[in-house]
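FYI, the numbering just counts along the sequence from 1. Since we're looking at a predicted model, the values are computed, not measured.
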Amino acid sequence: MDLTTLNDCQGEAVTAADGPVLVVAGAGSGKTRVLTTRIGWLLEQRCCEPWEILAFTFTNKAAKEMRERVDGLVGEGRAPRWVGTFHATGVRILRSDGAAVGLEPSFAIYDTDDSTRLIRKVAGDLGVDIKQYAPSMLRSTVSKWKNEDVSPTQAASDADNFREEKIAAVYARYEKGLRDCNACDFDDLILKTVKLLEENDAVCEKYAARFRYVLVDEFQDTNPLQLILVKALSSVHGNVFAVGDDDQSIYSWRGACVENMLEFDSYFPGTKLVRLEQNYRSSGNILDAANAVIANNKRRKGKNLWTEDGPGDQLTAELVGDEEDEAAQLVELIRQECEGDLRRGDITVLYRTNAQSRVLEEALRLASIPYQIVGARAFYERKEVRDVLAYLKLINNPNDILSAMRVLNVPKRRIGTTSAKHLTDLADREDCTLGEAAAQAGLLEQEINGPTCRRIRDFFEMVTNWRADLDETTVPALVERVVEEIDFVSHLERDDPISAPARNENVAALINGAYEFHDNSDGGTLAQFLEQTALVADADTIEDDEGVVRLMTVHAAKGLEFPVVVIVGVEENLMPHASNLDDPAALEEERRLFYVALTRARQRVHLLHARMRRRFGQRDLCLPSRFLGEIPDALVDSRGESPTASGSLAGLFGESLSRPVVPSRSFPGQRRRPAMPPSATAVDWQQEASQEEVAFYPGQIVAHPTLGQGTVARVEGGGDNLKLSIDFPDGERRHFLARFAKIRPLD
């Protein structure tokens with residue numbers, strides 16, 4: 001194998017001796033190349049068999065790319081088959097050996113929507129008021145407990161108050177619901193695999209002895225359970241090769257633990273450390289800006305990115321009036337960039353929260369600039385697609401009560417909710433599937449009238465017939481048969497004639513996807529197809545369209561790169577986010593997020609920040625992000641009206657902290673406020689102008705200016721030290737000092 005194309009540090013990593021190896025790989029430093037070359041080197045130089053290598057990635061797209069690259073290095077078909085995400089690997093192990101933790105091989109995989117629906121159902125069964133206990137909050141709490149390996153029994157034992165007792169009860173009933181449905185949620189795919197390996201020595205030995213080498217990409221994004229999984233699967237040979245960048249650890253809100261990487265050598269004694277600092281992506285000025293910003297973080301391994309290429313263009317930082325001006329400036333930047341040799345597809349717009357996209361989208365539509373929102377209502381989240389998939393899940397797994405209840409009356413079969421509940425109650429009493437309960441005519445007709453019973457039986461007989469033909473039917477043929485026999489096209493037209501054409505196109509796209517799966521998997525099974533659709537990630541859905549500008553959150557952009565990046569909303573309370581200003585660790589993650597945004601760009605970075613931004617109908621004064629002040633002035637071309645005499649970013653940021661500038665002009669719809677005293681801070685002024693004493697209590701529904709509606713989970717302290725813990729629909733619990741956070745009650 002030719003290693004001469006690697007730089008010295010890359011070569012050192014690729015040829016490292018057996019034992020634990022940690023590669024600290026900066027953005028754009030060739031970590032994927034190192035990983036794939038390492039695998040090829042193991043196959044050739046260590047005489048390793050493909051099945052002896054296990055490689056973890058964080059997206060299906062990355063796994064596919066890794067396999068293709070290895071095939072290109074060592075020959076077609078030589079790439080390891082055990083290359084995939086943690087969840088996909090967990091599925092493979094559980095399908096084979098999950099009986100030891102109570103799973104049948106045909107278990108269903110419940111995504112976030114499925115889990116939330118089951119949570120809603122069990123909450124209703126327990127009489128829990130979902131207005132006070134939002135299903136999304138309940139699901140996120142259960143997810144947090146699972147990722148911390150907290151059982152329902154332990155959650156109930158640890159409960160400090162009535163609210164936590166209620167949530168623990170929902171958790172226990174939810175787990176029973178999953179067992180009854182022979183289903184796993186996403187968290188279970190890791191948790192149950194860890195439990196299986198910890199509690200069954202023979203199974204653990206089987207896999208740990210098989211995998212001579214375990215490789216992990218994006219190690220900074222692993223959570224505690226994933227670390228345990230890596231340790232278990234490498235426990236026989238001890239050969240762990242981890243690649244990651246602690247400066248790009250941005251997923252703590254979903255359980256990622258940067259300490260896994262910072263303390264790697266304590267988990268794997270004798271670790272060899274290699275740093276990759278030469279960057280092959282970004283220009284010198286972009287790297288210098290990113291290095292300067294991230295150097296302000298204290299918890300990091302430490303590195304300094306550099307490039308042999310030139311400095312390139314300066315970054316641009318532009319002050320605009322408000323979010324509408326920001327959107328107009330975005331349109332102008334796109335037009336300017338496309339006047340050169342760039343295409344719209346070379347430009348990506350990054351923002352901190354999805355809510356920022358609305359005004360940007362409106363401006364792009366008015367300017368007739370096509371765009372794609374990445375991560376917004378993904379294909380597999382659309383109702384018509386989920387309905388067809390529910391039929392397929394029920395065919396694959398007759399225990400899947402949730403899928404059955406979703407489509408029992410889709411299309412309409414005149415089966416009401418009361419009849420459906422009688423059916424599920426009968427299945428519970430008889431300890432059988434819904435189909436078996438429906439077949440018990442005598443028992444069923446004691447609860448439900450005869451015509452409705454016949455319609456229920458007809459439904460399950462139809463599903464049984466499809467299941468009986470599974471072995472002789474390809475996946476695409478099955479999908480087409482289901483859509484045709486339930487007359488789904490007519491159903492969509494009856495449901496909403498206006499949206500029916502677009503929704504039918506989505507169903508057609510699902511069928512096309514089934515054909516692609518069939519071709520790519522050599523006639524894979526229905527269970528495999530359902531796994532593929534369940535485990536798809538946002539990054540796997542990005543379209544390769546040269547004529548479309550992409551819009552996405554910085555989180556969604558992780559791992560991607562683009563010629564030109566426009567970062568909007570570079571302001572305090574957005575970037576860094578308001579919810580993370582009081583926590584030093586959270587603030588460091590916000591800085592890492594900005595670092596990730598900068599290092600997505602190859603050629604140019606445009607930074608936009610506004611004087612004012614509308615929140616809940618009123619215009620609030622905005623301060624430029626502190627991160628702007630951390631970029632050396634020489635690297636940035638500052639544009640727009642400067643609120644300081646010097647116009648420098650450092651001057652702008654430093655002055656704005658002590659004396660924010662009152663806008664010199666009014667914006668459409670702006671609410672006038674009292675003049676700000678020259679010595680007042682922005683926070684003081686905003687408090688005097690808009691805050692008043694409010695009583696808060698657990699369970700209260702409140703609104704935050706940028707995060708939207710949430711539920712108060714905890715109230716602590718009082719007066720100026722009153723602290724609020726609030727659960728938001730995105731699954732995050734955030735903490736605020738009430739006198740600074742503009743929280744208002746909605747009930």
Next on the checklist: So does Leu225 get a backbone contact from the side chain of Asn223, meaning a donor-acceptor N/O pair under 3.5 Å?
Outcome noted: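 Looks like yes, one N/O pair under 3.5 Å.
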Checklist entry - For the side chain of Arg335 and the backbone of Val331, is there at least one donor-acceptor N/O pair under 3.5 Å apart? => result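 Looks like no, no N/O pair under 3.5 Å.
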Checklist outcome for this item: Which of Arg613, His609, Glu318 passes side-chain contact (heavy atoms from CB on, under 4.5 Å) with Glu326? It is Arg613
Item to check | Full working for side-chain contact (heavy atoms from CB on, under 4.5 Å) between Val605 and Ile286 | outcome: CA-CA 7 Å; Val605 172; Ile286 293 173; 3.9 Å; yes
Contact check, side chains of [X] and [Y], non-hydrogen atoms, under 4.5 Å:
X: His555; Y: Ile250; answer: yes
X: Tyr251; Y: Lys558; answer: yes
X: Arg639; Y: Asp637; answer: yes
X: Lys31; Y: Glu218; answer: yes
X: Thr316; Y: Leu607; answer: no
X: Ile347; Y: Val565; answer: no
X: Ile334; Y: Leu364; answer: yes
X: Thr711; Y: Gln132; answer: no

Looking only at the side chains, is there a donor atom on one of [X] and [Y] sitting less than 3.5 Å from an acceptor on the other?
X: Thr222; Y: Asn260; result: yes
X: Ser143; Y: Asp187; result: yes
X: His577; Y: Ser579; result: yes
X: Gln248; Y: Gln220; result: no
X: Ser252; Y: Glu589; result: yes
X: Glu337; Y: His606; result: yes
X: Tyr371; Y: Arg365; result: yes

Item to check | Results of ring-ring contact (aromatic ring centres under 6.0 Å, His included) for Phe594 - residues two or more places apart only | outcome: Phe627
Checklist entry - side-chain contact (heavy atoms from CB on, under 4.5 Å) between Val349 and Arg550: does it pass, once the steps are laid out? => result CA-CA 6 Å; Val349 184; Arg550 297 182 184 91; over 6 Å; no
Checklist entry - OG/Ser115 to CZ/Phe186 distance, rounded to the nearest 0.5 angstrom? => result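 Atom-to-atom, Ser115:OG and Phe186:CZ are 8.0 Å apart.
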Next on the checklist: For a quick test of reading the model, state the closest non-hydrogen atom pair linking Glu590 to Arg352 and the distance between them.
Outcome noted: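 Scanning both residues, the minimum pair turns out to be OE2-NH2, 2.7 Å.
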Item to check | Exercise: identify the closest heavy-atom pair between His704 and Ile743 | outcome: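 Looking at all heavy atoms of both residues, the closest pair is CD2-CD1, 3.3 Å.
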Checklist entry - How far apart are the C-alpha atoms of Ile294 and Arg300, what are their side-chain angles, what is the distance that settles it, and do they pass the side-chain contact (heavy atoms from CB on, under 4.5 Å) test? => result CA-CA 9 Å; Ile294 203 63; Arg300 57 191 298 256; 3.5 Å; yes
Checklist entry - Given Arg592 and Asp247, is the salt bridge (Lys or Arg N to Asp or Glu O under 4.0 Å) satisfied, shown in steps? => result CA-CA 6 Å; Arg592 293 196 293 267; Asp247 289 334; over 6 Å; no
Checklist entry - Any chance NZ of Lys144 has more than 12 other-residue heavy atoms, nucleotides or ligands included, within less than 6.0 Å? => result no
Next on the checklist: For the CG atom on Asp341, are there more than 12 heavy atoms of other groups (residues, nucleotides or ligands in this structure) within a distance under 6.0 Å?
Outcome noted: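 Counting neighbours around CG of Asp341, 12 or fewer heavy atoms of other residues, nucleotides or ligands fall under 6.0 Å, so no.
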Item to check | Candidate pair Arg358 and Glu323, rule salt bridge (Lys or Arg N to Asp or Glu O under 4.0 Å), full reasoning | outcome: CA-CA 10 Å; Arg358 182 190 61 79; Glu323 64 268 32; 5.5 Å; no
Checklist entry - Hey, mind stepping through Glu561 and Arg281 against salt bridge (Lys or Arg N to Asp or Glu O under 4.0 Å) and telling me if it holds? => result CA-CA 8 Å; Glu561 60 181 78; Arg281 175 191 300 163; 3.2 Å; yes
